[in-house]
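These notes concern the structure reproduced below.
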Amino acid sequence: MLQKDVILYGGLLVVSLLLVFWLIPAFCPPHPGYGMPPSLLPTVVVAIIMVISAVNLILTLKNKTFKEKTHEEGKKVFFLNLLKFVIPSFLLMPAMQYIDFIPAGLLFMFVIQFFAGQRNYITMTIVSVSVVVPVYFLLRYVVSVPLP
Amino acid sequence: MWETIIGAIDIAMTPVGILYIILGVSIGVFVGAVPGINGPMAVALTLPISYYIPTEVAVGFLVGIGKGSFFGGSIPGVLINTPGTPESVPTTWEGYQLSKQGKAGKAMKMALYASVSGDVVATLVLILCAAPLASVAMYMGPSEMFALICFAMTLIAGVGAKSVSKGIIAGALGIFVATIGIDPVTSMPRLTFGITELERGIPLIPVAIGMLAFSEIILELERRSKTKEEIKCIMVSSSKENNSITFKEYWQNIKAIIRGSAIGVGIGALPGVGAPVAAFLGYDNAKKASKKPEEYGKGSLEGIAATESANSAVAASALIPLFVLGVPGNLIAALLIGAFMMHGILPGPLMFQQNEQMIYSIYFYLVIASGLLIIIGNIGIRVFGKCVQAPPKIIYPIVLFTCLIGSYLAQTSTFDVFLMVFFAFIAYFMKKFDFNVVCFLIGFILAPIWEISLQQVISLSMNNYTMFFTRPVAMILMILTFWVIIKTIKPKIKSI
């Protein structure tokens, strides 16, 4: 077991407890008196997560092998790298509403290509235009869907 | 019956329908050929298109992508020693060795013919077996359905995931997410946390795109930025002998192809086991049965034939449990449930009664897709061979943009795009912590059917929760479920 497993199962245990004792009872409709209570299935599945997390947490702590910290390259979380792609993606739709589909799309493609390691600005322009403009015409005139 | 079949072919035989199948197979081979992109990812991305085309065409198109990707995955394996998909790893072991001998074309042709052979066998088994099995499955009530889904999910968590406990947690999380929305009994919002957009539930498309495509591309970009690896592509020889497979060579490997196809059909028909298991089993079995086992690892055509026939057979055979029981055989089949549901059809034995003509149209498209794969594969080996060198810096941003537009397109909802990015974020961490996203997705897709079955059992039995143990089939399935759980956790308990 790794040290990160302690954090993982501990976190899962806390979230499951919050769900079972607070969020599920608070945000599920009351039992109408027939059939299955609306809160039963969510409670059962979260209880399963809770039990497994608790068992794994106890086993990890009992074995005391959690101190053996290994650095598997593929398993390391690179927050900055994740945010580089997630933040522009979250902003794309609001940007499309404010500055229109094509400018926002082109800007997004430029930013993402830059973060993906592309430094040739001519290629970036060609790729951005050849993707965003046909998608705009496809959505607007072929599929005829309301644009964001 | 013949009238129905002829009617179904008549409906399916449209230029638009055939065009979609050609497009599906071509997209499949393309995505298989580009390392880092795979079949389920492409199916998730193209799922929104299903809204705009008839059900049978949508299913044919999506299965076409799956069929194409199984073969396409072998191309980068042979040319650059990098498997395009997990199921083409054994093909890479043999194919790259043949490439170094100047026989890349021969290796790819063998992969193509074996893929098509395995696929044809599986399609025939599907056509011949699904309807009779469905008529038996008609006798299954809600308690049997509930027990069957329990069994399928345990099997997926036990076999499909690296860690059983993590597989079960992922599946349970998928079920929990699926319970968000309107409660089926009270018709009141459940777990929506006051967010109005969540009252319609969490749709499949943004979840599938986020978890399968978006998160995977971010991980690929991360991996590539760390390794800075260069693609060294072996060029295909111009000699005709090294670029073709003679009938004699094909016939010499026929036993491996038949065995591989049989393994693929068997594995595909089991819920959730998937093509990689079939490919490795097929390869291993062929090696053990081979007269020349010493050739394995040095460029054996037999190894390629066994692997490719086994993994391609999964594409069609995974539809057997889907059509018969409504339980998916692999991830692509799970995503097909979404395509069916978009058109108001619930996969399962009732389809054979209520949508018989549609089923035969789907069969027709599956056969057409197999034929087209051999044509597209033959024409496109050189063209798709170039795809393996496609720069990720260009391809991946395009895929990310397509993910965002695809999520929006499904229901023209901006909220769906946010959901997609959110689930991509979740999937990134799940993959980093070794949680199987396939378990999550299958739990998410099967949860509504599971909950309805449970509701029906409880209503019918007047709140008697022991009803599963009073019906023989349900009881056997529940016992099997517990057996799988005990069998998979036993070694872990022993090791403590």
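Letters A, B, ... are given to chains in the order of the sequence lines, protein chains preceding strands, and every chain is numbered from 1. As a basis for the values below, the full set of heavy atoms in this structure was taken, side chains included, without hydrogen atoms, waters or symmetry mates. Computed from a prediction, not measured in an experiment: that's the story for all the values here.
- Neither the backbone nor the side chain of Tyr396(B) comes within contact range of chain A; no heavy atoms are under 4.5 Å apart.
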Can you check side chain to side chain contact (heavy atoms under 4.5 Å, CB included) on Phe85(A) and Ile217(B), steps first, answer last? CA-CA 10 Å; Phe85(A) 298 104; Ile217(B) 293 295; over 6 Å; no
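- For Leu139(A), the part sitting under 4.5 Å from any heavy atom of chain B is the side chain, from C-beta outward, and nothing else.
- The shortest distance between side-chain heavy atoms of Thr414(B) and Gln97(A) falls below 4.5 Å.
- Proximity to chain A involves both the backbone and the side chain of Val185(B), based on heavy atoms less than 4.5 angstrom apart.
- Using a 4.5 Å cut-off between heavy atoms, Phe108(A) contacts chain B through its side chain alone, with no backbone atom that close.
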Intermediate values then yes/no, side chain to side chain contact (heavy atoms under 4.5 Å, CB included), Cys28(A) and Asp183(B): CA-CA 9 Å; Cys28(A) 280; Asp183(B) 172 56; over 6 Å; no
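- Contact of Leu12(A) with chain B is made through the side chain alone, with heavy-atom distances under 4.5 Å.
- Ranked by heavy-atom pairs shorter than 4.5 Å toward chain B, the options Val111(A), Leu147(A), Val55(A) are led by Leu147(A).
- With chain A as partner, the option from Leu191(B), Thr192(B), Thr412(B) having the largest number of non-hydrogen pairs under 4.5 angstrom is Leu191(B).
- Interface residue Leu404(B): backbone and side-chain heavy atoms are both found under 4.5 Å from chain A.
- The aromatic ring centres of Phe429(B) and Phe79(A) sit less than 6.0 Å apart.
- Within residues 121-129 of chain A, the residues that have a heavy atom under 4.5 Å from a heavy atom of chain B are Thr123(A), Val127(A), listed by number.
- Only the side chain of Leu409(B) comes within less than 4.5 Å of a heavy atom in chain A; its backbone stays farther off.
- For Tyr136(A), no part lies under 4.5 angstrom from a heavy atom of chain B.
- With sequence neighbours excluded, the residues forming a side chain to side chain donor-acceptor pair (under 3.5 Å) with Glu451(B) are Arg190(B), listed by chain and number.
- Not counting sequence neighbours, Tyr52(B) has no partner by the side chain to side chain donor-acceptor pair (under 3.5 Å) test.
- Taking Val484(B) as the reference, Phe151(B), Thr154(B), Leu155(B) meet the side-chain contact (heavy atoms from CB on, under 4.5 Å) condition, with sequence neighbours excluded.
- Listed for the Glu222(B) side chain is no donor-acceptor partner under 3.5 Å among the backbone atoms of Asn81(A).
- For the set Phe214(B), Phe422(B), Phe418(B), the count of heavy-atom pairs under 4.5 angstrom toward chain A peaks at Phe418(B).
- Of the two parts of Pro189(B), only the backbone, made up of N, CA, C and O, holds a non-hydrogen atom closer than 4.5 Å to a non-hydrogen atom of chain A.
- Contact tally against chain B (heavy-atom pairs below 4.5 Å) for Leu82(A), Val145(A), Val132(A): the top residue is Leu82(A).
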Item to check | Met109(A)/Ile398(B) under side chain to side chain contact (heavy atoms under 4.5 Å, CB included): CA gap, chis, key distance, verdict | outcome: CA-CA 8 Å; Met109(A) 283 299 287; Ile398(B) 297 173; 4.1 Å; yes
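- With a 4.5 angstrom heavy-atom cutoff, Phe435(B) touches chain A only via side-chain atoms.
- At a 4.5 Å heavy-atom cutoff, the contact between Tyr428(B) and chain A is made by side-chain atoms alone.
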